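These notes are about the structure you will find just below.
Residues take their numbers from the sequence shown, with the count starting at 1. For clarity, every value in this text was computed on a predicted model and none was experimentally measured.
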Amino acid sequence: MSSNIRHLDDSASETLLTLPRSDFPKSKKETHHVQPADAATNEDEDRLLLVRVPPSLSLSQLQSSYILGETCSSDIPHTATANGQTYEEPAVEGNIHVPIPTRLIVDGNDEGKTLELMRVETSNTYILVPPVPVDSSSNGSAATTGSNEAAAADGSNKRQKTDKLTTMPARSVGLVPGEESPACFFLEPVALHKGHYASKLRWALSRWVYDPLDPPNGVFGYTLSELGHICRTSEYEIGYALKNGVFGAEDALVIPADETESGNGDEKRYGILSEEGRQTVSMAILSALLESDVNLAWHGDSTSQEGMDLSLIMKEVRTQWHNLEEDGVIQRESEEAPVLTDSKHEQVGESQSQFFTPAEFHKLKSGSNKSVLADEVIWNCLRSLVHTNNDDDGIPESVWLMPDQVAKLAAHNVFLRSSHSDGWKEDDFMESWNMCMPSISKYEPSLTLLEGIAVSEKKAGENGEYKMWRYFPEASLSLVPELRMKSMFAMCSEWTLEDALPYLSKFVVGDTSVDIESEVKSLLEKCARCSAERNGGPKYVLLSK
């Protein structure tokens, strides 16, 4: 019998690595504290697991990895106070009767990956660890060796270095429990596809819905490490999603810091912005772009090389948002109009805001009221509209507006501010849309920009056919695919694959090689069937119950 030995950093071939179970904490943050007296009597402490290490996994990566089993959001204590989605936590894909595979989380400073440890059984392999010399305490015997190996004097799970050596008996590794034959199993690390955590991350973020009109007090949202725990994914991967707004983090919001929160205030927490908050802040942004004296800088315009000062734009947005509040556009359902106790003001005048007295509204503008619009909320609504040279996920100093994204914002504004409950005729809508656009030379918005914002249908009129557009924003729909599709078919009885793409593509994860249309088609066919082809391609209708 022959064997090949290589160093773990040698990428020539795979390695079978034996590791004691006591070396694997259950989570990244956990530190084992095993008392020496107990460790000697615990047979499980000395068990060895066999892991097949692929060439792509180096020793340095193993040193920054940890093992993580099944987790749930209730592992995080403050989850009980979450105010958002209450639908069931996404189930693990696959057969529910199969145990959830343990994951190997590799989490370094500059890289991260998540691998599932799949059990592989073999009947033609028997692995035996030969007798090996191990460290023993200077005044201990072989009987107490296990305790000295299992725990250091300081209570950590690191093995002690001692002066004497003793021999550890030969042991078999990876035997299948309960079987008489010398069958063996080992753990095979299997890399998960890119964005494998999307549905879980989207669900976790939706548990915390931030309302700028009623900011929360205390702990609100999940930290990066808490999201990694819930999603059973490396913090590096979760951080990438949050920074780039992908893989379930499309609507992620950095929760504004609460000064009353105890603990580390520098650690960011994440959730999502309420839909009402997003709409009102977006209206304030468009008003600021239309009415502000700030010189607008457009991406791709050679005359706008310096960009816009973001702090000035934020100041204008905040002013416009408070103006919308004062005008009654923003409603405070949870608060009653304050009662005046000053004998000089026995009744509220018509010119007074229905939400605040003039003194209270002055306090609001000056920043002493808790509903002052936070920078994080404004930036959450602004970041999809602008180009920035920043590489990090912080708020930049200067930005450039992107014409198509601003046009989409203007389209939302036309629908939200109109009284056309039955929809807009296409010509009338285009006229109003152009009027809502900030000044930009040689640009006219295209109807293709309405994908994911509105749906159209043809109507018969006295002068022939015309198109009607109805507001149907993707961002307002459920984050559960099945519920989202029910809403889609409640709006329109028939959908083409092309029309459904902007509403369902966010549920497709993977790298650039993934066929998005094919994946959306498969998703659509779960609750719809393809009817006969008509003009514009095949139509999908909801499956009858």
message = Quick one, Y210 and N380 - any side-chain contact, counting heavy atoms below 4.5 Å?
response = no
inquiry  = Check this for me: E397, atom CD, are more than 12 non-hydrogen atoms of other residues, nucleotides or ligands nearer than 6.0 Å?
reply    = no
message = How close do A411 and F429 get, counting heavy atoms only, and between which atoms?
response = CB-CZ, 4.1 Å
Steps toward side chain to side chain contact (heavy atoms under 4.5 Å, CB included) verdict (K425, K459) = CA-CA 10 Å; K425 286 186 177 180; K459 298 277 190 177; over 6 Å; no
query = Please walk me through it: do F489 and Y540 pass ring pair (Phe, Tyr, Trp, His ring centres under 6.0 Å)?
reply = CA-CA 9 Å; F489 284 101; Y540 289 87; 8.2 Å; no
inquiry  = Given 3.5 Å as the limit, does a donor-acceptor pair link the side chain of H299 with the main chain of V399, or not?
reply    = no
Backbone of G84 reached by a side-chain donor or acceptor of R207 within 3.5 Å = no
message = For the backbone of M430 and the side chain of N434, can you confirm whether one donor and one acceptor N or O come within less than 3.5 Å of each other?
response = yes
message = Tell me if a side-chain donor or acceptor on R470 pairs with a main-chain N or O of M491 at a distance below 3.5 Å.
response = yes
ask   = Given I238 and L224, is the side chain to side chain contact (heavy atoms under 4.5 Å, CB included) satisfied, shown in steps?
value = CA-CA 7 Å; I238 299 294; L224 181 61; 3.5 Å; yes
query = With a 4.5 Å heavy-atom cut-off, do M485 and L524 have their side chains touching?
reply = yes
ask   = Which atoms form the tightest heavy-atom contact between M308 and L296, and what is the distance?
value = SD-CA, 3.5 Å
query = Under the side chain to side chain contact (heavy atoms under 4.5 Å, CB included) criterion, do W208 and T81 qualify, and how do the steps go?
reply = CA-CA 9 Å; W208 303 94; T81 62; 3.5 Å; yes
request  = Kindly state whether the ring of H412 and the ring of Y471 have centres lying under 6.0 angstrom apart.
outcome  = yes
task = Search all heavy atoms of I378 against all heavy atoms of I285 and return the closest pair with its distance.
result = O-CD1, 4.3 Å
inquiry  = Using only atom types and a distance under 3.5 Å, with no angle test, would you say the side chain of T71 pairs donor to acceptor with the backbone of H229?
reply    = yes
inquiry  = Within a 6.0 Å radius of atom CD1 on I516, are there more than 12 heavy atoms belonging to other residues, nucleotides or ligands?
reply    = no
ask   = Hey, are the side chains of P212 and S274 touching, using non-hydrogen atoms and a 4.5 Å cut-off?
value = yes
inquiry  = Under 4.0 Å between a side-chain nitrogen and a carboxylate oxygen: does that hold for E237 and K194?
reply    = no
query = Between D375 and R318, is the closest basic N to carboxylate O distance under 4.0 Å?
reply = yes
task = Please answer whether the main-chain N or O of P396 pairs with a side-chain N or O of W379 as donor and acceptor at a distance below 3.5 Å.
result = no
inquiry  = Could you tell me if the side chain of Y443 sits less than 4.5 Å from the side chain of M437, heavy atoms only?
reply    = yes
key: Those residues that, when tested against F507, pass ring pair (Phe, Tyr, Trp, His ring centres under 6.0 Å) (two or more places apart)   = none
query = Does a side-chain N-to-carboxylate-O contact under 4.0 Å join R232 and E70?
reply = no
inquiry  = Restricting to non-hydrogen atoms, name the atom on A252 and the atom on L242 that form the minimum distance, rounded to 0.1 Å.
reply    = CB-CD2, 3.8 Å
inquiry  = Rounded at 0.5 Å granularity, tell me how far CE in M488 sits from SG in C527.
reply    = 8.0 Å
ask   = Would a distance-only check, ignoring hydrogens and angles, find a side-chain to backbone donor-acceptor pair under 3.5 Å from D107 to S64?
value = no
request  = Mind checking the OG-CG spacing from S282 to L382? Nearest 0.5 Å is all I need.
outcome  = 8.5 Å
request  = Would you give the length of the straight line joining atom NZ of K315 to atom OG of S292, rounded to the nearest 0.5 angstrom?
outcome  = 10.5 Å
request  = Using modelled atom types only, decide if a donor and an acceptor are shared between the side chain of S487 and the backbone of L477 within a distance under 3.5 Å.
outcome  = no
inquiry  = Strictly distance-based, threshold 3.5 Å: is any side-chain N or O of S206 a donor or acceptor partner for the main-chain N or O of W203?
reply    = yes
key: Stepwise side chain to side chain contact (heavy atoms under 4.5 Å, CB included) test for T496 and K539   = CA-CA 5 Å; T496 65; K539 302 276 188 177; 3.7 Å; yes
note = In this structure, OH of Y222 is separated from CG of L227 (nearest 0.5 Å) by 8.0 Å
message = Could you check whether atom CD of E457 has more than 12 heavy atoms from other residues, nucleotides or ligands sitting under 6.0 Å from it?
response = yes
inquiry  = ring pair (Phe, Tyr, Trp, His ring centres under 6.0 Å), that's the test. Do Y503 and W495 meet it? Break it down for me.
reply    = CA-CA 11 Å; Y503 292 93; W495 286 80; 5.4 Å; yes
key: Exercise: identify the closest heavy-atom pair between C436 and L286   = O-CD1, 3.6 Å
ask   = Does K506 pair with D251 as a salt bridge, N-O distance under 4.0 Å?
value = yes
query = So do the side chains of E525 and K521 get within less than 4.5 Å of each other, counting heavy atoms only?
reply = yes
query = Heavy-atom distance under 4.5 Å between the side chains of R484 and E474, does that happen here?
reply = yes
remark   = Given the options V372, L373, V377, W321 meets side-chain contact (heavy atoms from CB on, under 4.5 Å) only with L373
query = Less than 4.5 Å apart, any side-chain heavy atom of I76 and any of I230?
reply = yes
task = Run the ring-centre check on H78 versus F220 and record whether the distance is less than 6.0 Å.
result = no
request  = May I have the step-by-step check of ring pair (Phe, Tyr, Trp, His ring centres under 6.0 Å) for H196 and F247, ending in yes or no?
outcome  = CA-CA 8 Å; H196 61 89; F247 303 141; 9.2 Å; no
query = To the nearest 0.5 Å, how far apart are CZ in R383 and CG in L310?
reply = 13.0 Å
task = Kindly compute the distance separating CG (L205) from CG (L201), expressed to the nearest 0.5 Å.
result = 4.5 Å
message = Restricting to non-hydrogen atoms, name the atom on I440 and the atom on P403 that form the minimum distance, rounded to 0.1 Å.
response = CD1-CG, 3.7 Å
query = So, do D293 and E316 sit near enough that their side-chain heavy atoms are less than 4.5 Å apart?
reply = no
ask   = Ignoring hydrogens and geometry, is there a side-chain-to-backbone donor-acceptor pair from S418 to F415 under 3.5 Å?
value = yes
